[in-house]
Amino acid sequence: MKTIHQLLFVFCFSFFSQMYGQEQKYNGNPDTSFETARKLAFNEHRKQAQDTLTSILTKYPDYHDIRSFLATTYAWDGNYKRARKEFSYVMEKDSKNKSNWIAAINNELWADSPYTALEMTTTALTIFPDDAEIMYQKASAQENTNNPFEAIKTIDAAIAKNPTNQKAIDFKNSLNQKLRKYSIGIKSTVDLYSEVFDPMQYHTLKLSHITKYGSVIAKLNFNRRFNTNGTQIEVDLYPKIAKGLYAYLNFGLSNSAIFPHFRYGGELYQSLPHSFEASLGFRTLQYSTTTTIYTGSIGWYTGNDYWSIRPYITPGDGGTSTSGALTYRKYRANADNYLSFGYSMGFSPETNQFYFDANDAAIINLKSQKINVGYNFTTSNNKNAWGAQFDVTHQEKSFAPGSYLWIYSLSLSWDLKFK
């Protein structure tokens, strides 16, 4: 008897649930309801408009104009995730609708996802070549990914297609005012050791200049380690070679024992499909003997997230040492605003601050693990950039293999951009 009552309850519940669902299903003229929803949305009654649009879609799921407008209202409300879902549905069904592309790209720009927006504009321009409106969106995304020169090129191309496009002209003027080709900065780091060593200090003063051929950075490094002071002059170059291909070149000089007498290196970076990037290069440090470190990287941009893995391979008389680092960054408004996390294992003379010479070659086989967290941000006008990073390292002692100490590091940086 109890079983019959249970079955009856389930049947009644299912019946009334079905009846309720039927009552909720849309029954009306979709065009008339759509027009009503638009009036509601434009008169600050977006919740009622969204309810109406959602109701229409229960019966007409492929009424793309309605779904696209619903997505746009979500974007207006700052509900970018829901907007992204609706835009994806529409664009999968109809990839040739330019209005949907423009609205979907705007959603990513408003959501502070410029890398995603840039990927979308690249795809959209293969469907709508030289479209001025999409080129404007691409320039906006390039500006927000800290590529102002590329943004200038894109907006110039848009103006060439439509010389009376006042919106593009105003954007170019604004971009030129914001574009600052020079920056001066300072970075300071202190290492605190759990035992044996006194605190160590690292300071860098740098001057950067961005050109259409790439960036040039001159640095003056001052370190205090092992109760010894030392300075080093260093230059970094990032020349552009071809589309998607650029290089890193480095040269340093010092007469201090705590720096290599000479250091130099190079690396090539190549963009790959699906937002990947790969590189291959080397670093050479010359003390009384010369040590060469081979390195490379694989990076991946996915939306506003960036992942990178970098190995270091150091051949030596005592064998080959290997180490590696994994880095993650979560970008916000542009390339100067991000949260970062990192983890590394192994010892590399490129990244570990110790004396390194022929007599200490075995040091490259030391075991080491490090984690770090950092935060970088800019002021509202992007003129000042600030950064902070905290590291914790578990380091094997060079004079007592198998015994470890802890290193706690704090870094602070500031950069001022100017014309």
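Residue numbers start at 1 and run along the sequence shown. Only heavy atoms go into these numbers, but all of them, side chains included; no hydrogens, no water, no symmetry mates.
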Exercise. Do other residues, nucleotides or ligands put more than 12 heavy atoms under 6.0 Å from the CG atom of L339?
Worked result: yes
For this session: Can you label the angle between the F418 ring and the Y182 ring as parallel, tilted or perpendicular, going by 30° and 60°?
Result: parallel
Exercise. Is it true that the side chains of N304 and R332 contain a donor and an acceptor less than 3.5 Å apart?
Worked result: no
Exercise. For atom OH of Y294, is the number of surrounding heavy atoms from other residues, nucleotides or ligands below 6.0 Å larger than 12?
Worked result: no
For this session: Measure up the Y115 and Y301 rings against each other and bin them: parallel (under 30°), tilted (30 to 60°), perpendicular (over 60°).
Result: parallel
Exercise. Y74 and side chain to side chain donor-acceptor pair (under 3.5 Å): which partner among K85, R84, R82?
Worked result: R82
For this session: Please say which of W300, Y328, F276 ends up in a ring-ring contact (aromatic ring centres under 6.0 Å, His included) with W307.
Result: Y328
Problem set entry | Cation-pi, F69 ring and R38 (6.0 angstrom, 45 degrees) | yes
Problem set entry | Aromatic ring pairing W406/Y408, orientation class (parallel under 30°, perpendicular over 60°, tilted between) | parallel
Exercise. Using the ring of each side chain (for Trp, its six-membered ring), is Y269 parallel, tilted or perpendicular to Y246, with breaks at 30° and 60°?
Worked result: parallel
Problem set entry | Non-hydrogen atoms of F34 and D65 that approach each other most closely | CZ-O, 3.8 Å
Exercise. Does the pair N337 and Y331 meet the rule for a side-chain contact (heavy atoms from CB on, under 4.5 Å), with working shown?
Worked result: CA-CA 6 Å; N337 290 262; Y331 286 98; over 6 Å; no
For this session: Compute whether any side-chain donor of one residue and acceptor of the other, for Q201 and N223, lie under 3.5 angstrom apart.
Result: no
Exercise. For K181, does the NZ atom sit with more than 12 other heavy atoms under 6.0 Å from it, leaving out its own atoms?
Worked result: no
Exercise. Under 6.0 Å from the CD atom of E195, do we count more than 12 heavy atoms belonging to anything else shown?
Worked result: yes
For this session: Indicate the atoms forming the closest heavy-atom contact of N376 with G387, along with that distance.
Result: ND2-CA, 3.7 Å
Enumerate, atom names and distances included, each donor-acceptor pair closer than 3.5 Å involving a side-chain atom of residues 162-169, sequence neighbours excluded.
residue	atom	partner	partner atom	Å
N162	OD1	T164	N	3.4
N162	OD1	T164	OG1	2.9
N165	OD1	K167	N	3.3
N165	OD1	A168	N	3.1
Q166	NE2	D170	OD1	2.8

For this session: Check the angle between the aromatic planes of F42 and W76 and answer parallel, tilted or perpendicular using the 30° and 60° thresholds.
Result: tilted
